[in-house]
Protein chains: 2
Amino acid sequence: MLEARLTQASLFKKVVDAIKDLVQDCNFDCNDSGINLQAMDNSHVALVSMSLKTDAFASFRCDRNIALGINLGSLTKVLRAAGNDDVLSLKAEDAPDVVNIVFESSSQDRISEYDIKLMDIDQEHLGIPETDYAAMVTMPAAEFQRICRDLSALSESVAIEVSKEGVKFTCTGDIGSGSVQLRSNTNVENPKESIEIEMTEPVALTFSLKYLVNFCKASGLSDKVKLKLSAEVPLLVEYPLSEGTNSFLQFYLAPKIGDEE
Amino acid sequence: MLEARLTQASLFKKVVDAIKDLVQDCNFDCNDSGINLQAMDNSHVALVSMSLKTDAFASFRCDRNIALGINLGSLTKVLRAAGNDDVLSLKAEDAPDVVNIVFESSSQDRISEYDIKLMDIDQEHLGIPETDYAAMVTMPAAEFQRICRDLSALSESVAIEVSKEGVKFTCTGDIGSGSVQLRSNTNVENPKESIEIEMTEPVALTFSLKYLVNFCKASGLSDKVKLKLSAEVPLLVEYPLSEGTNSFLQFYLAPKIGDEE
DNA sequence: GCAAAGTTCA
DNA sequence: TGAACTTTGC
């Protein structure tokens, strides 16, 4: 059986919010290392990968591997009933029909309990190869969100170019063109604002802004986002979850081919 | 060529925000005295006139007269990408196809650059006659905005009556009637709150509230607004820009005839 | 704590 | 497309 307890329901709410527009139904794979999720988006262009390790939970117990096939729309409806500071518990039997979700308000005066019916979802196994990325950019999540939103006003796609000086986001559309250039910098006074670039070779790739804007819904989950790029390989957009637990929410997005100019 | 630099992108953002709902496309006329704009609104009831003198810029250079025909919708999209405290630069060639807009964040770690395509706009020349107004009211811009917003809940139009005692805004609608009366006063402790009236003869005119509410989007640009009125002549609503540079944003609105009761 | 902006729903 | 609600910045 599974019994997992999160002290902040908001973490789970935000994770589900960030992926529900990409994926309708998916398996939450539970085992003794935590809860994992991997799913392609409906058009098979993007891939979501989430991992909540046991340390991210206030308490965690899972004796056997359990796959909870959940409709994210239903889950969203239920999670809407949770206060952000509620304690959230997930419970399931070993061969479950339902997942049981309990919210306890911090004052403990209110306990809400929901059961969501599970579904069988074919586990299309997704081999994500380990990649040594040519370039890795760490930047404030809010800034990345801002850039994607700004540029999406001009174009459908954005070119991301990483060089040792910095990272440049460029796009061209009907009304004109735009570019945002960030210089790598270590802001000592305000480390949240730092922009870090690790690079073995320069990379320039083009991606759909619609998807990037979508990924950025996860910005509330983390101060920082990591962009990892290599030529001809999907971009990896990574948000760390629950600092120091190795938990993460990752999005992969295939580059647009032939548009890179 | 044109090369103009504003230390506060927010000034330009707010100016464009305040006029974009009145005018879709218009010429920014650049010459060695600064940047000027004049345009009728789409229904030819209101007129916008903006003048940014060279002193309003951190640096300004414009060798020849250049008319930049810009779609304000496109410009808004681009300006949305500017931080309020960014340094904004406008650049254009002598016979330009595009205007180049650069935002530099105060930390200088971020440089965004946009090109907006220009369009040819027929310069319908707008002769605005110099008028000696019968009455001139100077009041806090926020207060004028509040009054217009409040009264627009009741009616489509407002009567503005200026007498030597003060100014009175009156309207009548289906659910009832409303009026706001302001007495002229010089608030010595808080001069921003002063209401000043200069008058050669009493005036009472009626105007569309929809337009006035629209004009009030400029309230963020200035603490004060000046209302200038004369019988049978358009109302002039004036916001000074960049204190002490003679720059301004003006709106003219023709009175409603026969509605004055 | 309020106003403006964005997002979602009708 | 507009309106209401939520969210964010001042």
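We name chains A, B, ... by the order of the sequence lines, and we start the count at 1 in each one.
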Can you tell me if A/Glu156 has over 12 outside heavy atoms packed within less than 6.0 Å of its CD? no

Starting at CG of A/Asp21 and ending at P of C/dC9, how long is that distance when rounded to a whole Å? 10 Å

For B/Ser43, does its backbone N or O pair with a side-chain atom of B/Asp41 as donor and acceptor, under 3.5 Å? yes

In whole angstroms, the gap separating C1' of C/dA4 from NZ of B/Lys217 amounts to 12 Å

B/Glu143 CD - C/dA3 C1' separation (whole Å): 17 Å

For residues 206-219 of chain B, which residue pairs pass the salt bridge (Lys or Arg N to Asp or Glu O under 4.0 Å) check, not counting sequence neighbours? B/Asp21-B/Lys217

In whole angstroms, how far is the C1' atom of C/dA3 from the CG atom of B/Asp150? 14 Å

Value in whole Å for how far the C1' atom of C/dT7 lies from CZ of A/Arg149: 10 Å

Can you measure A/Asn84 atom CG to D/dT8 atom P for me and round it to whole angstrom units? 10 Å

Could you give the CD-to-P distance, from A/Gln145 to C/dT7, as a whole number of Å? 8 Å

Just how far, in rounded Å, is C1' of D/dC5 from CZ of A/Arg80? 12 Å

Modelled atom types, side-chain donor and acceptor of B/Gln8 and B/Ser10, under 3.5 Å: yes

